[in-house]
Structures are given as structure tokens and as C-alpha cells.
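For reference, the structure is listed below as C-alpha cells.
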Amino acid sequence: MDVSPTRSMLSKVPEVSALFWLIKILSTGMGETFSDFLVNSLPPELAVGGGLLLLIGSLWLQFRAPRYRVWTYWTAVVMVSIVGTMVADIVDFVLGIPLPASTFAFALVLAGILALWFRSEKTLSIHSITTRRREGFYWATVMTTFALGTVAGDLTAATLHLGYLPSAVLFAVAIAVPAAAHRWFGMGAVAAFWSAYVVTRPLGASITDWLASSRADGLGLGTGWVTLAVTLPMLAGIAVLARAKPLKPQMNDR
């Protein structure tokens, strides 16, 4: 494992808490509707190109930071959410790859990244993000989970014809499974964390799509207004984290 003094650093990710999960779900929903809002309001090339530049900039700041900084970290997460939606939409609408195939492909990519990460570092724990290499594996995993979650949510809502609200209920149940498995059935903390992390994306996106969509199974509130409604509590939650003292991890890694 690479923990040499020249490359080791303080932890670069937040502690896992209830507020962490709430902000994560809000950020996924915000990324879904804000991406749609940008693509429909601006030339798609400008929206995607600008999003990529901002993503690169936010990740550059995150990697340059000597330790976990609340606003730097969550800005990067939000940009990953926005661009992850754009990437998934390009795969679906531009390249025309069927949702079942793209969901399977992103799942394979995610499994490959996790396998390489574990082979290299012997751990997938987010509490061990103390080297540049581990940080690289972490953000590659995060970006892939956003793309996977986006196409998986579209798969259930559109291809499987569940609609947005039933999809949100489905993913709400799914996200509770690893938590229950960890608490009562001995599932390891690392496996439980990443299982739940993947599901946060389609859960948040399904909720905001249901609120914003003008389709028959949506409320038609509009992507702009829903983005604003989700962004405000998300920013409030991040502000609370910025003022709070560090929390002890709530799950022991195994």
C-alpha cells in the first residue's frame, strides 16, 4: 500500500453521517434537473463543454487541497453529478446505446475500478483516502456511480415503464437494504457504503424527475424551479457541515 510520507496526506473525504447521505441525495437530484435545464436553455455543445471545464476545475481544486475542505469537496460532487447526467444522456440520446446495455456497461466499469482499487490498495474504505492514488480511485468510482445511477434510473422509469415515482419508491427500498444488512446481518461497512452510494443517484434523480417532468407521470414543475428548490436545502446542509466539528465514523470498516 502506498502510504509513504511524500505521498500521504490527511483524509480528503467527509465522515459518513445522516447529513452526508441527505446532501448526497439532494446533490444527485439537483444534478439531474440542472443538467436538463442547461442543455435545454443553452446550445448543448456549450452546456456540455462548460460543464466539463467546471468539473475539471473543481476536481483540480479538490486534488490540490491538503485535506478535506467541505465546500471544495461538495462542489466537486455537484459537478460530477451534473456532468455524469450529461454523459449518460449522450450515451442514450446521442450514441443511441440501449439503456439495458449502457447500465450493464457502466456496472462492469464500476466493478473493474473497484477491483483495481482493491488490488492496488487492499482496501476500499473511504476512511483510507490519504494518498493521491487512493483519491484518484475514489473519484473515478464516484464519477462512474453517477453515470451508472443515471442510466439505471432511466431504465426503470422508461424502459421498464415504472415511471418516476414508482422508481423513486423502488430505489428508496433498495437503499435501505445495505443499511439493514450491515446493521442486522453482518454485511461489511465498506460493501454497505458503496452499495448504498450507487443507489443514491437513481433515488435522487427519480424524485426530481417526477417533480420536474411534464410527462404524464410527472408533476410538471419545471427543471429550473425544481433545481432551485433542491439546491437551497443542499447548500444549507453543506453550510452546517462546514461549521460542525468532525464526526466519528458511524460504521466500522470490515
Side-chain angles (χ1 to χ4, degrees), residues 16-36 77-78 80-89 91-92 98-111 114 126 141-185 187 189-213 215-221 223 226-227 229-231 233-234 237 250-251:
V16 179
S17 65
L19 188 54
F20 167 88
W21 290 113
L22 177 60
I23 296 172
K24 175 63 171 61
I25 293 171
L26 289 172
S27 71
T28 64
M30 177 269 190
E32 175 76 13
T33 53
F34 192 46
S35 172
D36 293 342
V77 169
V78 168
V80 169
S81 177
I82 294 170
V83 175
T85 301
M86 293 177 176
V87 170
D89 287 343
V91 169
D92 182 15
L99 287 170
S102 59
T103 301
F104 182 69
F106 280 124
L108 284 181
V109 172
L110 177 60
L114 292 174
I126 65 164
T141 302
V142 169
M143 286 189 283
T144 307
T145 63
F146 272 91
L148 171 60
T150 299
V151 294
D154 291 341
L155 175 67
T156 60
T159 305
L160 300 182
H161 305 294
L162 292 183
Y164 293 127
L165 184 56
S167 292
V169 173
L170 172 65
F171 291 119
V173 172
I175 202 172
V177 171
H182 172 73
R183 184 177 180 88
W184 291 298
F185 301 104
M187 186 179 190
V190 173
F193 172 84
W194 285 114
S195 298
Y197 197 93
V198 171
V199 181
T200 58
R201 174 60 181 185
L203 172 59
S206 295
I207 293 172
T208 52
D209 275 338
W210 171 61
L211 294 170
S213 178
R215 291 183 359 178
D217 57 341
L219 297 184
L221 301 180
T223 55
V226 171
T227 297
V230 174
T231 299
M234 181 188 72
Q250 293 194 350
M251 296 192 297

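Hydrogens, waters and symmetry mates play no part in the numbers below; they use all other heavy atoms, side chains included. Each residue takes its place number in the sequence, starting with 1.
The structure places NZ of Lys24 at 8.0 Å from CD1 of Ile175, a figure rounded to the nearest 0.5 Å. Here the straight-line distance linking atom OG1 of Thr223 with atom CG of Asp36 works out to 6.5 Å at 0.5 Å rounding. Once rounded to the nearest 0.5 Å, the distance linking CZ of Phe34 with CE of Met86 reads 8.0 Å. Trp210 contributes atom CH2, which lies 8.5 Å from atom CG of Leu221 (distance to the nearest 0.5 angstrom). Rounded to the nearest 0.5 angstrom, Leu160 CG and Leu155 CG are separated by 4.5 Å.
Residues Leu148 and Val198 form a side-chain contact, since some pair of their non-hydrogen atoms from C-beta on lies under 4.5 Å apart. Counting heavy atoms from C-beta on, the side chains of Leu110 and Thr141 come closer than 4.5 Å. Considering only heavy atoms from C-beta on, Leu22 comes within 4.5 Å of Leu19 through its side chain. In this structure the side chain of Thr103 never reaches within 4.5 angstrom of the side chain of Pro100, judged on heavy atoms. Between Thr150 and Asp92, every side-chain heavy-atom pair lies at or beyond the 4.5 Å cut-off.
The minimum heavy-atom distance between Ala88 and Val151, with the atom names listed, is CB-CG1, 3.7 Å. Heavy-atom minimum distance, Ser102 versus Val91: CB-CG1, 3.7 Å. Residue Ser195 comes nearest to Met187 through the heavy atom pair OG-CE, 3.7 Å, listed as atom of the first residue, atom of the second, then distance. When all heavy atoms are compared, the tightest approach of Pro178 to Ala174 is CD-O, 3.1 Å. The two residues Ala172 and Leu203 make their nearest non-hydrogen contact at N-CD1, 3.7 Å. A pairwise comparison of heavy atoms in Phe171 and Ala152 identifies CZ-O, 4.0 Å as the closest pair.
Checked against side chain to side chain contact (heavy atoms under 4.5 Å, CB included), Leu108 has the following partners two or more places apart in sequence or in another chain: Phe104. A search for side chain to side chain donor-acceptor pair (under 3.5 Å) contacts involving Arg215 returns Asp217, not counting sequence neighbours. Residues meeting the side chain to side chain contact (heavy atoms under 4.5 Å, CB included) test with Val78, sequence neighbours left out: Ser27, Met30, Ile82, Met234. With sequence neighbours excluded, the residues forming a side chain to side chain donor-acceptor pair (under 3.5 Å) with Thr227 are Thr33, listed by chain and number. Among residues two or more places apart in sequence or in another chain, the ring-ring contact (aromatic ring centres under 6.0 Å, His included) test is passed with Tyr197 by Phe193, Trp194.
Remark: side-chain polar atoms of Thr208 are paired, donor with acceptor, to backbone N or O of Ala205 under 3.5 angstrom.
Residues in residues 160-177 take part in these side chain to side chain donor-acceptor pair (under 3.5 Å) pairs, two or more places apart or across chains: Thr156-Ser167.
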